[in-house]
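Heavy-atom basis, side chains included; hydrogens, waters and symmetry copies ignored.
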Amino acid sequence: MLAGTVLRPRVGQIYRTSLDYVVVIALYLLSGVSSAILVGAVGALGQDRRHPLQKKIFNGAQSVICAAAGGAVFNLAGGPSGDDVLRHPWDAVWSTTAANATWLVVNALLLCVVLSLEPGDPTPLAFLRKVALPTSPSLLGYGLLGLLLAVAWLSGLNFLSVLLIFIPLYVSRWALSQYEAERRAQAATMRAFIQVIETKDLYTRGHSERVSEGVGMLGRQLRLPEDRQQALEHAGLLHDVGKVGVPTSIIQKPGRLDDSEMDAIRLHPARGVELIGNIPFLEEVKSAVLHHHEKYDGTGYPAGLSGDNIPYFARIIGIVDAFDSLTSTRSYRPARDVEETLDILIHDRYSHFDPELVDAFVEVIRARGWKTAADQPAPDGSVTVAIDHDDLSLGSGGGASGNAAGPAS
């Protein structure tokens, strides 16, 4: 339980850009490996007193192990120290680069051990792919600042070299902390939106998270860039946020909807855009939210777009939205199994869904599987025939999916 209760929530903070190993690299060159290890151990004693004891022990051991491993490689690479640094500059560059890389690898492996102690998110592989590998080039650059600090010191600048190196670094670290605070605020905004949706439509709780997970799987299959991947997952999470603008009596109505009620449902994409329209970091999400009920043959809503005129993210969400709806149990119909639902999607290629995206989604689901939603009866027992309005994404036309839509079609 150590990883889950103490360390896992703090992984992002543990692995943030740190100045500690800049000092360690400089000390390898200035006074040798032993002093670098000692400073790493002493630095660990200055941790925030609010940190749990387990976290303090882990951080201290992590600093010492990383400094020792990097120092061992520094010595094996023939790293110079003292005045020899200025006489053998290329040896200094090579040995500090090797030590720096070792420090980063050992640090990442230690964190993977922590993440493996209790399965959860992120997994060790996800951490390596999403955090360790993308940040390694920039962190290697930070490590080489230790070499620059040592050279400046040995050249006679002494304490002035510390000011010249560390003031810009602390400014950059402050900027990074502001970015992390913004990311946390964004995550809180997303959670608030989802909470509002599920308060309005408890019957389909969890649907938004599953759609976000599904579009994320498809986005990775399509090898979207990281920024596009994140925007896509945000769009999947918020695609139904406009439901908060639909009267609760319609959302929870047991039975068919009349024409005016159907019109109110069809307004929910536009309501969603109104809600998120003034949030800057969701700018890319708006077109996906607005058009996720369009159909490939132009029979969808709100604009009747067809083919490639439908925004790319909206086409992706439409597929996953329909898939999750059909693989979830509702009081008016049982859940379809995954393979049967994939056959429905394949059948409706060209009519409802982008054929290439359907093929990619079918491939990724068959390769990686899908955890279907648990049965979801009415939360308080008062609604016995509530309609999942996401069934409307499949329309009432012919074909397998037309029948699958049930009473909401």
Side-chain angles (χ1 to χ4, degrees), residues 207-208 210-242 265-277 281-326 341-368 370 389-402 404-405 409:
H207 169 70
S208 295
R210 290 192 300 275
V211 170
S212 182
E213 180 181 353
V215 298
M217 292 171 64
L218 182 50
R220 287 186 289 273
Q221 176 77 3
L222 297 169
R223 301 185 183 277
L224 295 181
E226 188 64 30
D227 59 335
R228 304 294 295 159
Q229 178 74 22
Q230 185 179 58
L232 175 61
E233 292 178 13
H234 283 168
L237 198 60
L238 295 176
H239 73 283
D240 271 343
V241 69
I265 287 290
R266 289 193 174 103
L267 282 175
H268 84 268
R271 300 293 188 211
V273 172
E274 291 174 4
L275 282 171
I276 66 176
F281 79 92
L282 295 177
E283 186 66 29
E284 293 182 289
V285 174
K286 290 194 294 185
S287 64
V289 171
L290 181 61
H291 295 293
H292 72 276
H293 280 296
E294 306 285 0
K295 292 186 173 64
Y296 203 70
D297 60 5
T299 61
Y301 67 90
L305 300 180
S306 62
D308 292 346
N309 291 322
I310 304 171
Y312 191 58
F313 283 3
R315 281 179 271 155
I316 291 175
I317 292 172
I319 293 169
V320 183
D321 194 19
F323 176 80
D324 182 68
S325 176
L326 288 176
T341 305
L342 293 179
D343 288 339
I344 291 173
L345 297 182
I346 292 170
H347 181 278
D348 285 339
R349 294 158 75 249
Y350 294 105
S351 59
H352 290 158
F353 309 115
D354 183 315
E356 293 183 1
L357 292 177
V358 167
D359 291 344
F361 184 68
V362 169
E363 181 179 350
V364 73
I365 294 299
R366 285 177 174 168
R368 302 182 186 180
W370 177 260
H389 298 294
D390 281 320
D391 275 353
L392 292 170
S393 66
L394 299 177
S396 57
S401 62
S409 60

Grab the two heavy atoms, one from H291 and one from A303, that are nearest each other, plus how far apart they are.
CE1-CB, 4.0 Å
Does a sphere of radius 6.0 Å around CZ in R368 hold more than 12 heavy atoms from other residues, nucleotides or ligands, not counting ones at 6.0 Å or beyond?
yes
Between K295 and D348, does any side-chain N to carboxylate O distance fall below 4.0 Å?
no
Rounded to the nearest 0.5 Å, what separates atom CD1 in I276 from atom CG in L290?
9.5 Å
If you measure from the Lys or Arg side-chain nitrogens to the Asp or Glu carboxylate oxygens, is any gap between R366 and D343 under 4.0 Å?
yes
Would you compute the distance between atom CZ of R210 and atom CG of D321 and round it to the nearest 0.5 angstrom?
10.5 Å
Can you find a heavy atom in the side chain of L232 that is under 4.5 Å from one in the side chain of Y312?
no
Flag side-chain contact, heavy atom, 4.5 Å: S208 against V241:
no
Enter the distance from T341:OG1 to I365:CD1 here, rounded to the nearest 0.5 Å.
10.5 Å
Report the residue from D354, D297, D359 that forms a salt bridge (Lys or Arg N to Asp or Glu O under 4.0 Å) with R349.
D359
Can you tell whether the side chains of E274 and R271 come within less than 4.0 Å, N to carboxylate O?
yes
What is the minimum heavy-atom distance between R266 and Y301, and which atoms define it?
CA-CE1, 3.4 Å
Locate the shortest heavy-atom distance separating Y350 from Y296; write the atom from each residue and the value.
O-CD2, 3.3 Å
State, with a plain yes or no, whether a side-chain heavy atom of E213 is found less than 4.5 Å away from one of V320.
no
Any chance you could measure I310, atom CD1, to L357, atom CG, to the nearest 0.5 Å?
10.0 Å
Is there a side-chain contact between E294 and N309 (heavy atoms, below 4.5 Å)?
no
For residues F313 and A288, report the shortest heavy-atom separation together with the two atoms involved.
CB-CB, 3.6 Å
Any L275 side-chain heavy atom under 4.5 Å of V289 side chain:
no
Would you give the length of the straight line joining atom CH2 of W370 to atom CG of D324, rounded to the nearest 0.5 angstrom?
5.5 Å
Rounded to the nearest 0.5 Å, the CZ atom of R315 sits from the CG atom of D308 at a distance of 4.5 Å
Grab the two heavy atoms, one from A322 and one from F353, that are nearest each other, plus how far apart they are.
CB-CZ, 3.8 Å
Within-4.5 Å side-chain heavy-atom neighbours: V211 and F323:
no
In this structure, which one of H207, H293, H268, H234 forms a ring-ring contact (aromatic ring centres under 6.0 Å, His included) with H239?
H207
Going by atom types only, do E226 and Q230 share a side-chain donor-acceptor pair under 3.5 Å?
no
Least distance between heavy atoms, V215 atom then E233 atom:
CG2-CA, 4.1 Å
